[in-house]
Participant: 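Structure provided below as structure tokens; questions to follow.
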Amino acid sequence: MTETLRPPAMTSPGDGQVRAATVRVFIALAPPDDAKDELARELRPAYAAHPRMRWNRIEDWHITLAFLGELPLSAVALLQPPLANLAVQRRPPALALRGAGHFDERVLWSGIDGDLGELHHLAGEVRTVVRECGIAFEDRPLRPHLTLARSRRSDPSSAVEATAAALTAFTGRQWPAERLHLVGSNTGRGPGPIHYRDIESWPFTGHN
């Protein structure tokens with residue numbers, strides 16, 4: 001679903017909730033529902049065995065191409081036309097979910113397989129668009145993955161390592177990543193879980 005960006009509301013002292021003037025943003029791809037369901041079935045034993053892990057919602061699973069951090073809405077609006085133009089020129093990269101691993105023994109992820117050369121090329125083009133819009137961001141090397149869960153700091157168990165080991169042999173079917181997503185999150189805006197929403201997304205319609 002596409003959301004129209006609007007300027008922040010003007011408020012006066014005593015008003016209720018103030019609409020944020022910034023949003024935390026990243027640009028990503030997302031697996032189709034049947035590919036996510038395929039992995040979710042493999043995760044059922046881990047869901048039952050490790051309920052204290054902070055499991056990401058399946059609808060929020062994504063492959064980050066560029067993390068931009070907190071941006072003013074005016075900067076987000078600048079990104080939308082060139083990202084739409086990029087999607088028109090690119091074909092959908094063919095990808096698959098495969099295996100698993102962890103970062104720092106706290107973050108569980110699924111690996112990405114398929115046309116990784118095309119994926120890296122696309123990420124490079126996305127980051128070029130961001131720089132050409134005059135938006136500064138931390139240009140980290142791309143490590144394609146899909147984050148599944150995080151262990152709680154108060155729970156130093158081996159759940160993440162055990163789950164990653166159980167998924168080592170998993171190989172999902174190949175699928176086309178059909179849309180480029182500009183995503184916003186509510187990170188830092190409350191005590192609840194992180195939720196993501198599409199600010200806008202565009203289908204890949206090119207043939208290159």
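The basis for the numbers below is simple: all heavy atoms, side chains too, and nothing from hydrogens, waters or symmetry mates. Residue numbers count from 1 along this sequence. Values in this document were obtained by computation on a predicted structure and should not be read as measured data.
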Participant: With a 4.5 Å cut-off on side-chain heavy atoms, are Trp55 and Arg150 touching?
Facilitator: no
Participant: Of all the heavy-atom pairs spanning Phe204 and Pro92, show the shortest one and how long it is.
Facilitator: CB-N, 3.7 Å
Participant: Quick check on the hydrophobic clustering: are Val25 and Phe137 connected, directly or via other members, by side-chain heavy-atom contacts under 4.5 Å?
Facilitator: yes
Participant: Below 4.5 Å, heavy atoms only, C-beta onward: do Gln80 and Cys133 meet side chain to side chain?
Facilitator: no
Participant: Is Arg90 paired with Glu125 through a side-chain N to carboxylate O contact shorter than 4.0 Å?
Facilitator: yes
Participant: Answer yes or no: is there a donor N or O on one side and an acceptor on the other, between the side chain of Thr168 and the main chain of Ala165, under 3.5 Å?
Facilitator: yes
Participant: Mind telling me whether His145 and Phe103 have parallel, tilted or perpendicular rings, with 30° and 60° as the class edges?
Facilitator: perpendicular
Participant: I need the Leu71 CG to Leu79 CG distance, nearest 0.5 Å.
Facilitator: 7.0 Å
Participant: If every non-hydrogen atom of Ala159 is compared with every non-hydrogen atom of Met53, which pair is closest and at what distance?
Facilitator: CB-SD, 3.5 Å
Participant: Is any side-chain heavy atom of Asp33 closer than 4.5 Å to a side-chain heavy atom of Glu38?
Facilitator: no
Participant: Starting at CZ of Arg52, measure out to OG of Ser151 and round the result to the nearest 0.5 Å.
Facilitator: 10.0 Å
Participant: Show the nearest heavy-atom pair for residues Trp109 and His102, with the distance to one decimal.
Facilitator: NE1-N, 3.2 Å
Participant: If I compare all heavy atoms of Ile135 with all of Ala75, which pair ends up nearest, and what's the gap?
Facilitator: CD1-O, 3.7 Å
Participant: Is there a donor-acceptor pair under 3.5 Å between the side chain of Gln89 and the backbone N or O of Asn85?
Facilitator: yes
Participant: Are the side chain of Arg127 and the backbone of Arg140 linked by a donor-acceptor contact shorter than 3.5 Å?
Facilitator: yes
Participant: May I ask you to test the Thr22-Leu73 pair for a side-chain heavy-atom distance under 4.5 Å?
Facilitator: no
Participant: Is there side-chain contact between Leu142 and Pro144, with heavy atoms separated by less than 4.5 Å?
Facilitator: yes
Participant: Phe170 and Leu148: same hydrophobic cluster, using ILVMFWY side-chain contacts below 4.5 Å?
Facilitator: yes
Participant: For Thr205 and Val88, indicate whether the former's side chain and the latter's backbone hold a donor-acceptor pair under 3.5 Å.
Facilitator: yes
Participant: Any carboxylate oxygen within less than 4.0 angstrom of a Lys/Arg side-chain nitrogen, looking at Arg91 and Asp115?
Facilitator: yes
Participant: Indicate yes or no for a side-chain donor-acceptor contact from Glu200 to the backbone of His181 under 3.5 Å, with no hydrogens or angles considered.
Facilitator: no
Participant: Is it true that a side-chain atom of His62 and a backbone atom of Asp60 form a donor plus acceptor pair closer than 3.5 Å?
Facilitator: yes
Participant: Arg106: which residues meet the salt bridge (charged side-chain N to carboxylate O under 4.0 Å, His left out) condition with it, sequence neighbours left out?
Facilitator: none
Participant: Does Asp104, at its CG atom, have more than 12 non-hydrogen atoms belonging to other residues, nucleotides or ligands within less than 6.0 Å?
Facilitator: no
Participant: Assess the residue pair Leu95 and Asp113 against the criterion (side chain to side chain contact (heavy atoms under 4.5 Å, CB included)); give the C-alpha distance rounded to whole Å, side-chain angles, the decisive distance to 0.1 Å, and a yes or no.
Facilitator: CA-CA 6 Å; Leu95 303 173; Asp113 200 2; over 6 Å; no
Participant: Which heavy atom in Ser110 sits nearest to a heavy atom in Leu97, and how many Å separate them?
Facilitator: OG-CB, 3.8 Å
Participant: Within the structure provided, determine whether Leu68 and Arg24 are in side-chain contact (heavy-atom separation under 4.5 Å).
Facilitator: no
Participant: So Leu43 and Thr163, side chain to side chain contact (heavy atoms under 4.5 Å, CB included) or not? Walk me through it.
Facilitator: CA-CA 8 Å; Leu43 285 169; Thr163 305; 4.2 Å; yes
Participant: Decide whether Leu146 and Val107 are clustered together by the hydrophobic rule: side chain heavy atoms of Ile, Leu, Val, Met, Phe, Trp, Tyr closer than 4.5 Å, transitively.
Facilitator: no
Participant: Testing the basics here: between Leu65 and Leu180, what is the closest heavy-atom pair and its distance to 0.1 Å?
Facilitator: CD1-CD1, 3.8 Å
Participant: Check the pair Leu119, Leu29 against side chain to side chain contact (heavy atoms under 4.5 Å, CB included), reporting the backbone distance first and the verdict last.
Facilitator: CA-CA 10 Å; Leu119 181 62; Leu29 305 177; 3.6 Å; yes
Participant: With the side chain counted from C-beta on, respond yes when Ile27 and Leu83 share a heavy-atom pair under 4.5 Å apart, and no when they do not.
Facilitator: yes
Participant: Examine the side chains of Arg179 and Ser201 and answer whether a donor and an acceptor come within less than 3.5 Å of each other.
Facilitator: yes
Participant: How long is the span from the CH2 atom in Trp202 to the CG atom in Leu182, to the nearest 0.5 Å?
Facilitator: 4.5 Å
Participant: As a quick check of understanding, evaluate side chain to side chain contact (heavy atoms under 4.5 Å, CB included) for Val183 and Arg197, giving each step before the final call.
Facilitator: CA-CA 6 Å; Val183 186; Arg197 58 176 175 78; 5.9 Å; no
Participant: Would you indicate whether the side-chain heavy atoms of Trp61 and Leu39 approach each other to under 4.5 Å?
Facilitator: yes
Participant: Regarding Asp139 and Arg131, does a basic nitrogen lie under 4.0 Å from an acidic carboxylate oxygen?
Facilitator: yes
